[in-house]
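Below, chain A is the first sequence line, B the second, and so on; all start at residue 1. No experiment lies behind these values; they were computed from the predicted model shown.
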Amino acid sequence: MKLTELNERQREAVENLEGPLLVVAGAGSGKTRVLTYRIANLIDQKKARPNEILAVTFTNKAAREMKERVQKILSLPSDQLWVSTFHSSCVKILRREIEVLGTYTPAFTIYDEQDQLSAIKKTLKELNWDEKVIHPRAAQSRISHAKNCGLTPEKFLKKALSSYDEKMAELYKRYQAILQKANALDFDDLLLLTVQLFQKHPNILEKYQNLFKYCLVDEYQDTNHIQYLFMKLLVDKHHNICVVGDEDQSIYSWRGADISNILSFEKDFPKAKVIKLEQNYRSTKNIIEAASAVVSHNKSRKPKKLWTQREEGASLHLVQLEDEYHEARFVVGEISKALEAGISLNQFSIFYRTNAQSRVFEEILRQYTIAYKIYGGMNFYNRSEIKDIMAYFRLLSNPKDDVSFLRIINVPTRGIGKTTVDKIELYSHENNLPFLEAAQKIIQGDTLNAGTAKKILDFIGIIQELRQKKEELNPQALYHAVLDKTQYSHFLKGEDTIESLSRLENLEELDSALGEFVKQKREATLETYLEEISLISDLDSMDENEDHVKLMTLHAAKGLEFPYVFMVGVEEGLFPHSRGELDFEDMEEERRLCYVGMTRAKEALYMSHANSRRIHGSPQYNLPSRFLDEIPEEFVKRIDLRRRVGNRRLSVWAGGAEGEAPSPRPERMRGRTMEGVLRRQDPEGYEWDFDQRVSDNPFSPGIRLRHPHFGSGVICRVEGQEENLKVTIKFDNGAIKKFLATQTQFERI
DNA sequence: CCCTGGTAGTTTTTT
DNA sequence: ACTACCAGGG
Ligand SMILES: Nc1ncnc2c1ncn2[C@@H]1O[C@H](COP(=O)(O)OP(=O)(O)OP(=O)(O)O)[C@@H](O)[C@H]1O
């Protein structure tokens, strides 16, 4: 096998096949490439057959690409390889083995986050607990976190520190019982149950230990405890494990990722060989230096070298704008100009901290008729109309799936309301029956009036009829049967709104997706379809070559690379994201996220921030992010586009003038400024008088004030308007407090 | 008993 | 923007 595409250190990592190996290295240093070649080499050296290698990646897309690369290197088919995410690997194992746990069958349903929430609400109802006391979302995150740490309800209870924790433990226990009755596993269960399976059944563990002769993990810095256990168990016999990662790219601690997995790898495997890669092959010198400078502000970090042979490249562009619309128009304007200079759209990406920020970009990109795609956020399979159909599918596949039952019992509306559903729920609870069965029984008694009973009978009739068809129809045909029986499209057509029209379009897309699935798969059953969609996201279908601008969150950008990157909304409060004060660890994680984002760029990087933006409709005024100040001046060019348009500067695109491209049509008049004065617009659609007004205003970020009790401090955030105007002040003694501006006597200093 | 439309409070990041 | 809750009409 040729290893010419590797440097010396990489080659070392690819050739040392036996025993534990840790590759730690900065961004873009070729870690993923090492993993790929190592897999190829294992097969080439006949150390293992493809099906004896387990490689875990962070996304399905990364897995797919890795398989393709291996196939290319070896010119051998790679479909036998176990290259997938932790979750997919676990599903594969559980489908074969779960029966021995005695509590689930292999046809289990996988609950996503929404289903999980709905199951938690159902649990709360059964327990008769108030959703205002136990917040379903909070409960969801506690339970998920517990599972990610490998805690069963019992162990969770033992660790409880308060009566609130004890309640959570009780909820967790009941929630788990409800999932079990529904033969459903949530995302976290996929891992937790696999590990439990291994622990309780050594014979099964041994089977997989013997099967997987070599294991590899990408992005090891973002694995959580249960994933760690899973791997540790699997390689316990032979220690043939290779992990690659970068502490500076650990950005999922909120999901239970534990950086100590990578930090203590050498303790776990004392014989471990450690290889460091230091050469970056991705980005220009300016980008690498700037990103390294930012992340070096993290205190809890070992210094690390990263260098490149590449040229300095363009300066980073730090752009200051008036508001989020100006920001979007600026970004899109730059893309248009580049387009004219002959650069194609697939070279660009826009990264933001929160999904909500994509909306404005979407609006402006449409105005400019520039092709784009938003990855993540609202997944195709998460749209309500699609989820409705999927809920029918799931109920057909698993009649005990109560969450799906609840979703569709009255969709399309068939006159079965809350009161009736409550009765079914109660009956189900008292008689320990799934909802569907409870509904069947309850209409035989006299709990319900005749009209309501008839409606339920009709619904049950539809389900039963479809269940019979399920065996003979492929998923696409079944889809048509569902639409036909439920009159779902008819129901949408009746609404006749823009919204419902787009829903109908989505249904057509689903139809063709199903058609595609049926054509592609040899075994196109309802179950295989449901499994496929439950673990994929639209991120996984990304194709670099497709000619459109790609928009995504900074988190979703991990592991990717693009020639031109716009990182937007780089503002205090938004990025680093905070509501109130961030603790030290969270701040460092935000900074790592910034490092991840910056190091995705190969050629040019723009980072922009706006003076103000609307959050939930009310204006917020943010200071530039501290991360911008952490980039040494020598690498940046600052561009201030707040006031007027006339600033002509050279663009990175040969010769063009910089600044916002004129709007294709005048922007509609928007809300009021803080003083309630309508903003003026000049004929070209630029707002130019904003700046003075803000600085005249007693409350804007950066202004120093004295508070009668707390002393002096600086405004770091302003939100709301008029009598609801709130200011967040960071006092000189370090305290951060929020005040209603009208209720407090401040003195300007 | 159900449905609709209005209002109020609020969400970071995702396999 | 998205959900949760309430009032009032059918
Ligand atoms: N030895 C090499 N010679 C030339 N190019 C390389 C070499 N190794 C890696 N590259 C290229 O460098 C880029 C980054 O590689 P890769 O994605 O493997 O890095 P990584 O360390 O996984 O990055 P990150 O941690 O930032 O996701 C890719 O475009 C890859 O093709």
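Among all heavy-atom pairs drawn from A/D540 and A/L535, the shortest one is OD2-O, 4.2 Å.
Distance, A/K455 NZ to B/dC3 C1': 11 Å, rounded to whole Å. Atom CD1 of A/I424 and atom P of B/dC1 are 12 Å apart (whole Å). Distance, A/N410 CG to B/dC1 P: 14 Å, rounded to whole Å.
Between A/F405 and A/F459, the gap from one ring centroid to the other is short of 6.0 Å. Between A/F627 and A/F575, the distance from one ring center to the other falls under 6.0 angstrom. Aromatic ring centroids of A/H145 and A/W254 lie 6.0 Å or more apart.
The salt bridge (charged side-chain N to carboxylate O under 4.0 Å, His left out) pairs that include a residue from residues 132-144 of chain A are A/R142-A/D165, where partners are two or more places apart or lie in different chains.
Ring geometry for A/F230 versus A/F198: interplanar angle under 30°, hence parallel rather than tilted (30 to 60°). A perpendicular orientation is assigned to the rings of A/F491 and A/Y488, their planes being inclined by more than 60° (bins at 30° and 60°). Ring geometry for A/Y252 versus A/F58: interplanar angle of 30 to 60°, hence tilted.
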*In the 5'-to-3' direction, what one-character label does each nucleotide of nucleotides 4-10 of chain C receive under the scheme B = base within less than 4.0 Å of a protein heavy atom, S = sugar-phosphate only, - = no such atom?*
S------

_Annotated protein contacts, base or backbone, on nucleotides 10-15 of chain B with a non-hydrogen cut-off under 4.0 Å, one of B, S, - each_ = -SBBBB

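In this model, the phosphate group of B/dC2 is approached by a side-chain N or O of A/T419 to a distance below 4.0 Å at OP1 or OP2.
As judged by a 4.0 angstrom heavy-atom cut-off over every strand, A/K423 is placed among residues touching the sugar-phosphate backbone only.
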